[in-house]
Amino acid sequence: DQQVKQNSPSLSVQEGRISILNCDYTNSMFDYFLWYKKYPAEGPTFLISISSIKDKNEDGRFTVFLNKSAKHLSLHIVPSQPGDSAVYFCAAKDRDKIIFGKGTRLHILP
Amino acid sequence: EAGVTQFPSHSVIEKGQTVTLRCDPISGHDNLYWYRRVMGKEIKFLLHFVKESKQDESGMPNNRFLAERTGGTYSTLKVQPAELEDSGVYFCASSAGTGWNQPQHFGDGTRLSIL
């Protein structure tokens with residue numbers, strides 16, 4: 001039973017535009033959320049995180065939004081660049097472990 | 001600073017054989033984690049070491065899997081005997097602590113193929 005859900009397996013976005021990746025979770029006890037980025041044959045790389053007491057966290061081109069009432073978070077990438085093409089994992093921290101979604105493959109089109 | 005390193009990068013063995021995966025965490029990181037991703041599924045937690053002690057092994061699938069971290073440095077994950085359903089990518093991660101501002105850093109994984 002998936003606790004972190006990424007319902008879009010893939011997303012294509014034009015270079016320079018905004019990429020929006022969505023994620024839903026089921027456990028209201030989660031208090032910390034993360035996004036990881038993964039290139040082929042590499043491990044996931046930490047990108048950005050947000051505490052459940054906040055609704056937004058920004059780091060350069062990356063912004064994560066959290067809507068606790070809807071149990072929904074999203075990652076915005078502006079502007080999208082070719083190097084952003086990768087698989088993005090939404091994740092939640094459950095004490096010491098990370099619970100991952102299945103990932104969304106982002107394609108940045110030239 | 002060297003990242004998390006895993007060896008081998010790829011292992012192909014036959015069903016019933018034994019395989020040992022190794023993980024070297026980032027120097028100074030007391031916390032070490034094992035995860036795995038089976039084909040088509042999400043990355044799933046296996047266990048967590050704090051130094052040499054197993055803090056949480058709730059994700060270990062069965063007793064064919066044995067993880068050790070003698071001396072609190074590198075860790076090994078042994079699968080004995082390997083079964084077909086054990087195929088997947090095994091990731092190791094490490095962190096300095098478990099707080100919200102101490103993310104887990106992942107290695108590139110070991111791709112395990114059981115024939």
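Chain letters run A, B, ... following the sequence lines, proteins first, then strands; residues in each count from 1.
- Contact between V4(A) and I99(A) at its shortest, heavy atoms only, is CG2-O, 3.7 Å.
- The side chain to side chain contact (heavy atoms under 4.5 Å, CB included) check on A82(B) picks up I13(B), V79(B), D86(B), I114(B), with sequence neighbours excluded.
- Between A91(A) and F100(A), the shortest heavy-atom contact is CB-CD2, 4.0 Å.
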At a 3.5 Å cut-off, give me the donor-acceptor pairs between chain B and chain A, one pair per line with the distance.
residue : atom : partner : partner atom : Å
Y35(B)  : OH   : I98(A)  : N            : 3.0
R37(B)  : NH2  : K102(A) : O            : 3.4
H48(B)  : ND1  : D96(A)  : OD2          : 2.6
T98(B)  : O    : K93(A)  : NZ           : 2.8
W100(B) : O    : Y32(A)  : OH           : 2.3
Q104(B) : O    : Y36(A)  : OH           : 2.7
Q104(B) : NE2  : D96(A)  : O            : 3.0
D108(B) : OD1  : G43(A)  : N            : 3.0

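- In terms of heavy atoms, P25(B) sits closest to Y74(B) at CD-CA, 4.0 Å.
- Contact between I77(A) and L106(A) at its shortest, heavy atoms only, is CD1-CD2, 3.9 Å.
- Contact record, F106(B) with P44(A): CB-O, 3.3 Å, taken as the closest heavy-atom pair.
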